[in-house]
Amino acid sequence: MPGSIYTIAGPPGSGKTILAVQFLIEGVKRGENVLLVALDEHPCEMHENLLPMFGEDFDRILVLDGMLEMKSYEKTPLRDVSITRHAEAFGKVFPEIPRSSDMINPELTVSAIQEMIKVIVRNESISRVVIDSVTSLKMFMMTANERISFLQSFLRFLSDLSVTSMVTIQESDFPTVGATDIEYIMSRGVIRLYRWLQNDGFVIGISIDKFRGSDHDENINRIKITPIGLQVLDKTRRADRGR
Amino acid sequence: MLDGGLIPGRTYILMGDHGSGKSTLCGHFLMEGIKRGEEVLYVTIDAPPSDISTSFIGYGWDAGKITILNAHPRVRDYKARGSLIEVAAQRSVSTISEMSDKEKGNNQALVSPDLSLPSLQLMLQKEFESKAYDRLVIDSILSLRMLGAEEVQWEIGINSIFRLLAEEGLTTIIVSDIPKQYDNIRPEFILSRGIIRMNRLVVAGKTYRAISAQKMRGSGHDDQVRPVKITSHGITVEASKVLPPEVVTQLAMSFPKP
């Protein structure tokens, strides 16, 4: 639904990125233009990891590299990074991580990223956006207070873009029950992923914690990361994705 | 267990309890590189290099070709503090075969700057200028994190080091402790391409060691927790065995079903 934000939260290795990409692939299949903002994993590694899973549809996702470069720990004049970066299709991503700029350290800021997203969404008629992860974006802000107000304004910014967006949230291995973080309040839907030890093997599960305006299953369903993406194991019903 | 192992050029986190076999596993990883004719570097922060070399040689490994970078925080003299650049200049690199006991005694003589992520980055950059490495171990970042700067500084420092390692194309294992139950997610876990966990448990007076893979981007892995055995040749993952149920029960308390 345009203007809505959906949240995927879960610990490392639970499949957040895969689920978010499935949401974009769904759009690609319907002929939509979609954008992924990569903040945790460099686009070239994502391409290597996920192309085998999603095939050529994956190459049609536009990706914006939002990774911070290396710090030189020397005082250099700031330069806005938006001059040097632009979104391109996964199929055109250079296979190696680029070197950090030598002399001038381009400072990547949240406002630069926001500006880039805005321009890309407008110019490429984007209808779906994934921010992977909003936790890393939060780390651009220096203080706890800044982080809260930033998130509020960033999610509002996403909503104003009139696209359907999905943001991922990195959690520790011990998810806090009943979290009231701003991400949850401002999301139309919250999908949670879990990872626990059952017998002597790790398993993952999914639950829909909140889904405004639609009836949903609140139980935790087992899922599995397969070579073709996340699959729900329980026969009950498919996890709601790609809406 | 890792279904093809670590992907070259990527950085992995190895988290574990004390005495679970982390350093030994890192030793195996570096020795494997040496067997293939690669250049390998071991950055030791928490343990003196002589301890590391003694244990590696004790396993009967021909560890002479492992280059050791001693980033052990010096004994503090509570006087002048060096700047970051000075720390970087003080790095002492040697191979295990060149190393002698003199490494141990000369700490007092030097100015004792604090080691931080920025100074570690500068040390590594300097070292990479002098030699191209294929494999790297940083053992461990625990004291850096405990002694170190505020959370924000830590995030920035971690981001920067991960970027350096990716740009240099090194396959790296960074050793870490296991976070406590209510810790926030750490940036090094977010940025790592995979997380391996080693546990040491005592159940009914008997010690057990276990290993599992938590996140492995771009490669399949075993979902099971496997027993680990320490032998005179290092450690062995008993990939076809399972842990006794009482050990699994204790381990499962850290990963409860929601």
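Keep in mind that the numbers below use all heavy atoms, side chains included, and drop hydrogens, waters and symmetry copies. In what follows, chains carry the letters A, B, and so on, assigned in the order in which the sequence lines appear, proteins first and then strands, with residues in each chain numbered from 1. Just so it is clear, the structure is predicted and the values come from calculations on it, not from any experiment.
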> Checking A/S207 against chain B: side chain, backbone, both or neither under 4.5 Å from a heavy atom?
Replying inline: neither
> Under 4.5 Å between any side-chain heavy atoms of B/N159 and A/K71, yes or no?
Replying inline: no
> Any side-chain heavy atom of A/D200 sitting closer than 4.5 Å to one from B/L243?
Replying inline: no
> Who pairs with A/F54 by ring pair (Phe, Tyr, Trp, His ring centres under 6.0 Å), at least two apart in sequence or on another chain?
Replying inline: none
> Picking from A/S133, A/P98, A/G15, which has the most non-hydrogen pairs under 4.5 angstrom with chain B?
Replying inline: A/P98
> Between A/P52 and chain B, which part of the residue has a heavy atom less than 4.5 Å away: side chain, backbone, both or neither?
Replying inline: neither
> Within a radius of less than 6.0 Å around CG of B/L142, do more than 12 heavy atoms belonging to other residues, nucleotides or ligands occur?
Replying inline: yes
> Is it the side chain or the backbone of A/S136 that comes within 4.5 Å of chain B heavy atoms, both, or neither?
Replying inline: side chain
>> Do B/E168 and A/R99 make a side-chain contact, defined as non-hydrogen atoms from C-beta onward lying under 4.5 Å apart?
In response: yes
> Taking atom CD of B/Q224 and atom CG of A/N199, what is their separation to the nearest 0.5 Å?
Replying inline: 8.5 Å
>> I'd like to know which of B/K215, B/R193, B/Q125, B/K257 tops the heavy-atom pair count under 4.5 Å against chain A.
In response: B/K257
> Is there side-chain contact between B/I190 and A/M139, with heavy atoms separated by less than 4.5 Å?
Replying inline: yes
>> Quick check for you: among A/Q198, A/R195, A/E96, which has the greatest number of heavy-atom pairs under 4.5 Å with chain B?
In response: A/R195
>> Can you tell me which portion of A/K16 sits under 4.5 Å from chain B's heavy atoms? Options are side chain, backbone, both or neither.
In response: neither
> Taking it one step at a time, do A/M67 and B/L191 satisfy side-chain contact (heavy atoms from CB on, under 4.5 Å)?
Replying inline: CA-CA 10 Å; A/M67 302 282 293; B/L191 290 172; 4.2 Å; yes
> Just how far is it from atom CE of B/M216 to atom CG of A/N49, taken to the nearest 0.5 Å?
Replying inline: 11.5 Å
> How close do A/I97 and B/A166 get, heavy atom to heavy atom, and via which atoms?
Replying inline: CD1-CB, 3.4 Å
>> So, taking the atom named NE2 in A/H42 and the one named CD in B/E167, what distance separates them when rounded to the nearest 0.5 Å?
In response: 8.5 Å
> Can you pull the salt bridge (Lys or Arg N to Asp or Glu O under 4.0 Å) pairs that have at least one residue in residues 6-22 of chain B, sequence neighbours excluded?
Replying inline: A/E45-B/R10, A/E48-B/R10
>> Quick check on B/P245 against chain A: is it the side chain, the backbone, both or neither that has a heavy atom closer than 4.5 Å?
In response: neither
>> Ignoring hydrogens, what is the shortest heavy-atom contact between B/P256 and A/W196? Give both atom names and the distance.
In response: O-CB, 3.4 Å
>> If you define the side chain from C-beta out and look only at heavy atoms, does anything of B/E155 sit under 4.5 Å from A/L68?
In response: no
> Which bit of B/L251 comes within less than 4.5 Å of chain A, counting heavy atoms only: side chain, backbone, both or neither?
Replying inline: both
> B/I195 versus chain A, heavy atoms under 4.5 Å apart: side chain, backbone, both or neither?
Replying inline: side chain
> Checking side-chain contact (heavy atoms from CB on, under 4.5 Å) for the pair A/D40/B/R217: CA distance, chi angles, key distance, verdict?
Replying inline: CA-CA 12 Å; A/D40 291 358; B/R217 279 184 173 152; 4.3 Å; yes
